[in-house]
There are 4 protein chains.
Amino acid sequence: MYKAGIIGATGYTGEELLRILARHEKVHVEFATSEKENGESLQKVFPHLPHYKNMSFCSAEKAAEINVDLVFLCLPAGESVKWAKIFSGKKTKVVDLGADFRFSDPKVYQQWYNMPHADPLILQKAVYGLPEWHRDEIRNADIVGNPGCYPTSVLLAVIPFLRAGLLDGSPIIVDAKSGVSGAGKSPSKTAHYVEANESIGPYKVGRVHRHVGEMEKELNLHAGADQQVIFSPHLTPMTRGILSSIYFRLSQKTDKKELLEILNRAYADEPFVHVLKDRLPATKMCLQTNYCFLGLETVAGTDNVVLFSAIDNLGKGASTQAVQNMNLMLGLPETMGLDA
Amino acid sequence: MYKAGIIGATGYTGEELLRILARHEKVHVEFATSEKENGESLQKVFPHLPHYKNMSFCSAEKAAEINVDLVFLCLPAGESVKWAKIFSGKKTKVVDLGADFRFSDPKVYQQWYNMPHADPLILQKAVYGLPEWHRDEIRNADIVGNPGCYPTSVLLAVIPFLRAGLLDGSPIIVDAKSGVSGAGKSPSKTAHYVEANESIGPYKVGRVHRHVGEMEKELNLHAGADQQVIFSPHLTPMTRGILSSIYFRLSQKTDKKELLEILNRAYADEPFVHVLKDRLPATKMCLQTNYCFLGLETVAGTDNVVLFSAIDNLGKGASTQAVQNMNLMLGLPETMGLDA
Amino acid sequence: MYKAGIIGATGYTGEELLRILARHEKVHVEFATSEKENGESLQKVFPHLPHYKNMSFCSAEKAAEINVDLVFLCLPAGESVKWAKIFSGKKTKVVDLGADFRFSDPKVYQQWYNMPHADPLILQKAVYGLPEWHRDEIRNADIVGNPGCYPTSVLLAVIPFLRAGLLDGSPIIVDAKSGVSGAGKSPSKTAHYVEANESIGPYKVGRVHRHVGEMEKELNLHAGADQQVIFSPHLTPMTRGILSSIYFRLSQKTDKKELLEILNRAYADEPFVHVLKDRLPATKMCLQTNYCFLGLETVAGTDNVVLFSAIDNLGKGASTQAVQNMNLMLGLPETMGLDA
Amino acid sequence: MYKAGIIGATGYTGEELLRILARHEKVHVEFATSEKENGESLQKVFPHLPHYKNMSFCSAEKAAEINVDLVFLCLPAGESVKWAKIFSGKKTKVVDLGADFRFSDPKVYQQWYNMPHADPLILQKAVYGLPEWHRDEIRNADIVGNPGCYPTSVLLAVIPFLRAGLLDGSPIIVDAKSGVSGAGKSPSKTAHYVEANESIGPYKVGRVHRHVGEMEKELNLHAGADQQVIFSPHLTPMTRGILSSIYFRLSQKTDKKELLEILNRAYADEPFVHVLKDRLPATKMCLQTNYCFLGLETVAGTDNVVLFSAIDNLGKGASTQAVQNMNLMLGLPETMGLDA
């Protein structure tokens, strides 16, 4: 059995990690930290997770003294670096579910997160944790920056076409719909049931949301050129799930069959990415899984393609993808504990 | 045109009053107060209420200098008395949507609200605002204590049977289901979309919730004896609505037809209380109205009756009932502005 | 009092008309037809509409013998023409909530609805019922084709920019999100609670949905040129509401302030169209109203505009707009009975 | 590897069995039948279950020729007996998720299901599949009648108190709230999103619902006397979950601590039944699990107890409980594949 720990275990991504790891055959959760619930039993905070009934939350400070094989950091941007240094200094592998290790260039990080990166040098040890496109680097990484939820859904859909040279270079439009768990666990007006229920609306529209930086950075890598993203996230009345509806223009005439074939070739051997040919994705398909469902349509009389990508924002968009990365980093079968 | 004002207009009951009064033919809203939004335009806070686009929130202090015919108080328990004194001192009629004027006996108030009543003498000027059973007193009252949402649903259902002597004296069981707006507008863990959505659960079960005191007080009045209420409120994944499922035992054999007849007689002339004979109520029926729908079943082989009462917790359970009371107090047709 | 009738009154648009007209000061509902519920009392089918407790559904055949001032047709495409002829032949004004009178060119109708129009000549008597852009024609029309829900939301948003010559001529992208009531009242897999709840997904994507024809037809009129629409409707887990997120490219540099000014100028005197400057629309704002809320963002580093339009699909997208048209056709104040 | 088959695999319980068994270490699904989808690939019908991408639905007739160790029957009442005979005749173990094997007395079955039992003799080979109270019989049974969803929630809560002699003999009141998946997969008015969303309402109230017979039958067994159940099921706006709020009167004074102790003793070694002491259950706690959460309150000034039981209606109320029974019948660890 490998040992894992979770720093920041009371938020939605930490809770989801606890749920998933409870049935992992080769990994045992050694600690779960919470500064607010420090000393409290997990049973009290998470009665629905009886597997942990003999465990209590400890502080991150205390957890740093415990030896584990891998640690998950579920912390806000800016707070992960400190703990990543401590744990990776002890040869503990690190998967950061926050934003601090998603950018190799600290200047780009600073541009989107409005603060200097806390330790630019440590970024050299970090890898962007999208296994479908960085699998080998992840296997050997000390630190993995687990991708954001929106970028995961968009990158899996767009990269194959970008690599095939099929985008015409104009901005991609991403109209994304996210469940309310994406807004985090802290009570807020936005996440109040009465405000969110029976309503859909956009927020941070344009090239404003931090995930635009993450998407563009990774797209540029595959495009070998600047690829702009116009991004409209929408808060949608459901607990979980992201659907990204993506609009781009073709650089050359290509029909639906050929486009699907490009996706099929890219993901034929991928256990978690599924290409639909007879229907379009809906978020319900991937509820509580690590799956990504892709589908598309061409538009008669135009050179436009509409691409759809559905994931669970707490699954492939966060915690199950983190476990997929963990499996790779520990040399375990990639799908272990992940139902595929 | 009569003039009305709203003290505490940014909560759900205040917002709903603004919405309803916008189409009232004989009443104009002169002021809406908010300490937090003091000076802010209503258009900014409530863009969906364009009728008030030229109005700004003011402080309660400021509002107290404005002459109106009637003022609505939408304040937490303990905070209404001060403003009720000020306004009723100026001959302004008062409808309090909080709890401070629902009890004529200050000792009972203190027992359930854990604080002494701020001005026991003023209670003599106040009337319990359930029009179907206190219409004449309301017409002449200076101050009306608008009933709580749960009590409204329960009292309308039970009083006719209590007055007919059909209850056997054992405790009534009220299993109530409320939409999340009942939890108020302040962000909280309970009202977080992710916590409330796709889940139903009870809270404050037994004879614990403050509304038990209000129900028992009023039932005792009609029973001429002590009538206990066992009360289980449940938070239900919907924005609005209360369904009370009420269980009681008959003091004498009575069939369904006779029981329905008792309700029909009680409410034949009531514009807002509707007795269903072929089906049972659901909360959807009264969404955004002042209606109460009642229905019932007897239980084969037992002397039990199951009674159902559905209202909108922000409608008949709060703001439309407050407007019904206002209409009575101002001598207007009782249904004016209320769709009946 | 004017007299109105409803042909096809048991679907969602018919039910909503009944609800709205119940509080209209100058119009009385004389009949409501249903072939399936023929002879049944409205009270039984719609217990939440007690205003009609003494009325029963009749057949359309029977209704055709009753004299009214205006009739609403709530029928599937292809079924309205017959009744429009009968009623307009008797000088009864007609508002058709279906598609049969939305196209002046029967060939375009046939192209999108896959059937020949039942009476091309009658189209000369019909006007497209978007009051903000066809008010004077509607006032004098015998027959009004009430716009579709999606087109209403899109046209109100786009027409001002099209008329200002600000679109570059490339296809407009409309990513629309609709509540499930848009799928109609007949039980179906799509509308099953378990399928629709907690999931968002697209359908009929590209230039496939019938509303594309309606949008393009009307946009071309204002553009004086061909304007293509790429349309992705999404079924959204909520009962009511449409949000259209619209992407277009500017023909000339224009900043957000200027763009808002164009909307403001277009709708300054419109009682039902509201332009938001500090926030973006959400469907909740227009629940059960005839309002349309508009908002927009420009996108840094690009020539793209993202435009948002929110309506209630059963309100401004169907039944309240039909009442707005009725008011115009009967010479009544346009906002009567519509809360504005 | 053991082999299992599913007769009737396209309904919600069949689909859920497919999902659960996909990650069972020792059981492989050999066939899944559907008369309607006969010949269709599972991938097309259930794209979210890629584990079965090489499998197609077959007819039950065809499946009867395939040898498996255990078969699940997911059929309406009256349709299981035929297949149970065929499979048990071949020494295949049978778990029936319908009602045909829940009653040992065919007369009681007939009374509640309004039809004679198709083969009264076969009932001798069947065991009621509530493992917590019939574990040893299940281990040796040829046929298991998997309990209904409501009865599972009620029996687990009430049996310990019944066996302790703490009920006073008067009827138990069960006010139950169920998610819409309990209404089945066929489209219907009841299950239409627009009807079910944002509304809660009762149906089949009293001693009318078929599950009353199942509950009373099993309670009588443990009580050694007649125990009536007054049952009010409510359709609740959520996809999954049942909360039963149960009211009974004590035969002798017992405080909350003692009552919790009785539950704790009954379920101390049970992996799936969890007794809450500091809070009350909500359905969210058991989403997609085989858990049952129990909690209770006494009521000051009365001899009443309010007991709460939460399960997932498709989990412990159907498919995960069926897998728990399968594990027992095949001699596998009871919790295998069930996350406990």
*Asks:* Sort A:Glu297 into side chain, backbone, both or neither according to what part of it lies under 4.5 angstrom from a heavy atom of chain C.
*Replies:* side chain
*Asks:* Under the side chain to side chain contact (heavy atoms under 4.5 Å, CB included) rule, collect the residues that match up with C:Ala183, sequence neighbours excluded.
*Replies:* none
*Asks:* Side chain from CB out, backbone as N, CA, C, O: work out which of these in C:Val229 comes under 4.5 Å of a heavy atom of chain A, or both, or neither.
*Replies:* neither
*Asks:* Is A:Val205 close to chain C through its backbone or its side chain, or both, or neither, when contacts mean heavy atoms under 4.5 Å?
*Replies:*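 Looking at A:Val205, backbone and side chain both touch chain C.
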*Asks:* Where along residues 274-287 of chain A does a heavy atom come under 4.5 Å of chain C, listed by residue number?
*Replies:*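 The list, in residue order, reads A:Leu280, A:Pro281, A:Ala282, A:Thr283, A:Lys284.
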*Asks:* Report which part of A:Val180 has an atom under 4.5 Å of a heavy atom belonging to chain C: side chain, backbone, both, or neither.
*Replies:* neither
*Asks:* Can you tell me which portion of A:Pro171 sits under 4.5 Å from chain C's heavy atoms? Options are side chain, backbone, both or neither.
*Replies:* side chain
*Asks:* Out of A:Pro202, A:Ser232, A:Ala310, which one racks up the most heavy-atom pairs below 4.5 Å with chain C?
*Replies:*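 Greatest number of close heavy-atom pairs with chain C: A:Pro202.
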*Asks:* For a quick test of reading the model, state the closest non-hydrogen atom pair linking C:Lys177 to A:Lys177 and the distance between them.
*Replies:* CE-CE, 3.3 Å
*Asks:* Please rank A:Ala300, A:Gly295, A:Gly201, A:Pro237 by heavy-atom pairs under 4.5 Å with chain C and give me the top one.
*Replies:* A:Pro237
*Asks:* Could you tell me which of C:Ile230, C:Val306, C:Val208 has the largest number of non-hydrogen atom pairs under 4.5 Å with chain A?
*Replies:*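 So the answer, after comparing C:Ile230, C:Val306, C:Val208, is C:Ile230.
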*Asks:* Of the non-hydrogen atoms in C:Arg207 and A:Thr302, which two are nearest, and what is the gap between them?
*Replies:*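 It is CD-CG2, 4.4 Å.
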*Asks:* Under 4.5 Å from any heavy atom of chain C, what part of A:Thr236 do you find: side chain, backbone, both or neither?
*Replies:*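 The answer is the side chain of A:Thr236.
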*Asks:* Can you tell me if NZ on C:Lys204 sees more than 12 non-hydrogen neighbours from other groups inside 6.0 Å?
*Replies:* no
*Asks:* Once rounded to the nearest 0.5 Å, what's the spacing between atom CG of A:Asn304 and atom CD1 of C:Ile173?
*Replies:*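 Reported value, rounded in 0.5 Å steps: 5.5 Å.
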*Asks:* What distance do C:His234 atom NE2 and A:Leu243 atom CG have between them, rounded to the nearest 0.5 Å?
*Replies:* 5.0 Å
*Asks:* Mind running side chain to side chain contact (heavy atoms under 4.5 Å, CB included) on A:Tyr247 and C:Asp175 for me, showing each step along the way?
*Replies:* CA-CA 10 Å; A:Tyr247 302 81; C:Asp175 189 292; 2.7 Å; yes
*Asks:* Pick one of side chain, backbone, both or neither for A:Ile200, based on which atoms fall under 4.5 Å of a heavy atom in chain C.
*Replies:*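 Answer is both: backbone and side chain atoms of A:Ile200 are under 4.5 Å from chain C.
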*Asks:* Name the option with the most non-hydrogen atom pairs under 4.5 Å to chain A; the candidates are C:Arg240, C:Gln228, C:Glu198.
*Replies:*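 Option with the greatest count: C:Glu198.
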*Asks:* Looking at C:Ser170, C:Gly241, C:Ser245, C:Gly179, which one has more heavy-atom pairs under 4.5 Å with chain A than the rest?
*Replies:* C:Ser245
